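Presented below is the structure to which this report refers.
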Amino acid sequence: MKKDYYDFMKEAIREARAAERAGDVPVGAVAVKDGEIIGRGRNRKEAAADPAGHAEIEALREAAARLKTWRLTDVTLFVTMEPCPMCAGAILQARVETVVFGAWDVHWGACGSKATLLESGVFNHTVNVIGGIMERECAALTEKFFRRKRKENL
């Protein structure tokens, strides 16, 4: 990869901020192959009224369309928050090579927090997982968002 993990995570953070501006939970993702972003995604559950409107799903869909294949081997997915079980399933189905995420998700995380779905031996495909890249910055996005939401609901 020409760029480093921090550069790509900063791009995922940009997507997360765009999701927040649209009223969604600030989670963003970018799919990278050969040092180039081939897919971008952000949470759109609220904006699209879509329960599958997660950043990871959007980034994987865009990457698959660009590569004209669902097999996203040699792709690294950067996401600001640990993927949930639904997204972990999509990552496995797409045969993604590596997932790099920022913040751990103690409520829905499927890469070590609540469940460990991407580890070797669980399914017929194993995904390399690197967690905690720019963790503080990524965690601050959702913490600030939910703090504001709680205050608005008082």
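Keep in mind the model is a prediction, meaning the values are calculated, not measured.
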Taking all heavy atoms of I37 and all of V30, pick out the closest pair and write down the distance.
-> CG2-CB, 4.1 Å
N43 side chain to P26 backbone, donor-acceptor under 3.5 Å = no
How about E58 and R40: do any of their side-chain heavy atoms sit closer than 4.5 Å?
-> no
Which atom of C138 lies closest to which atom of G102, heavy atoms considered = SG-CA, 3.8 Å
Exam field: side chain T80 to backbone G28, donor-acceptor pair closer than 3.5 Å | yes
Start with the C-alpha gap between N128 and E97, add the side-chain angles, then the distance that decides, and say whether side chain to side chain contact (heavy atoms under 4.5 Å, CB included) holds.
-> CA-CA 6 Å; N128 300 316; E97 182 177 335; 4.0 Å; yes
Between E15 (side chain) and R42 (backbone), is there a donor-acceptor pair under 3.5 Å?
-> no
State plainly whether the residues E11 and R14 are in salt-bridge range, i.e. N to O under 4.0 Å.
-> yes
Could you state whether W70 and L77 fall into the same hydrophobic cluster, counting links through intermediate Ile, Leu, Val, Met, Phe, Trp or Tyr residues with side-chain heavy atoms under 4.5 angstrom apart?
-> no
For the pair D24 (side chain) and A19 (backbone), establish whether a donor and an acceptor sit closer than 3.5 Å, ignoring hydrogens and angles.
-> no
For the residue pair D105 and M81, what are the closest heavy atoms and their distance?
-> OD2-SD, 3.5 Å
May I ask you to decide whether R148 forms a salt bridge with E152, counting only side-chain N to carboxylate O separations under 4.0 Å?
-> yes
Donor-acceptor under 3.5 Å (E82 side chain, C111 main chain) | yes
Kindly check if the number of other-residue, nucleotide or ligand heavy atoms within 6.0 Å of CH2 (W108) is above 12?
-> no
With distance as the sole test, does H125 use its side chain to make a donor-acceptor pair with the main-chain N or O of I91 at under 3.5 Å?
-> no
Report yes or no: does R136 contribute a side-chain atom to a donor-acceptor pair with the main-chain N or O of M134 at less than 3.5 Å?
-> no
Please walk me through it: do H54 and K45 pass side chain to side chain contact (heavy atoms under 4.5 Å, CB included)?
-> CA-CA 7 Å; H54 287 207; K45 278 176 64 173; 3.5 Å; yes
What's the shortest heavy-atom distance between K33 and L67, and which atoms?
-> CD-CD1, 4.0 Å
W104 and E135 have their tightest heavy-atom pair at CD1-OE2, 3.2 Å
If you look at every heavy atom in L92 and L117, which pair is closest and at what distance?
-> CD1-O, 3.8 Å
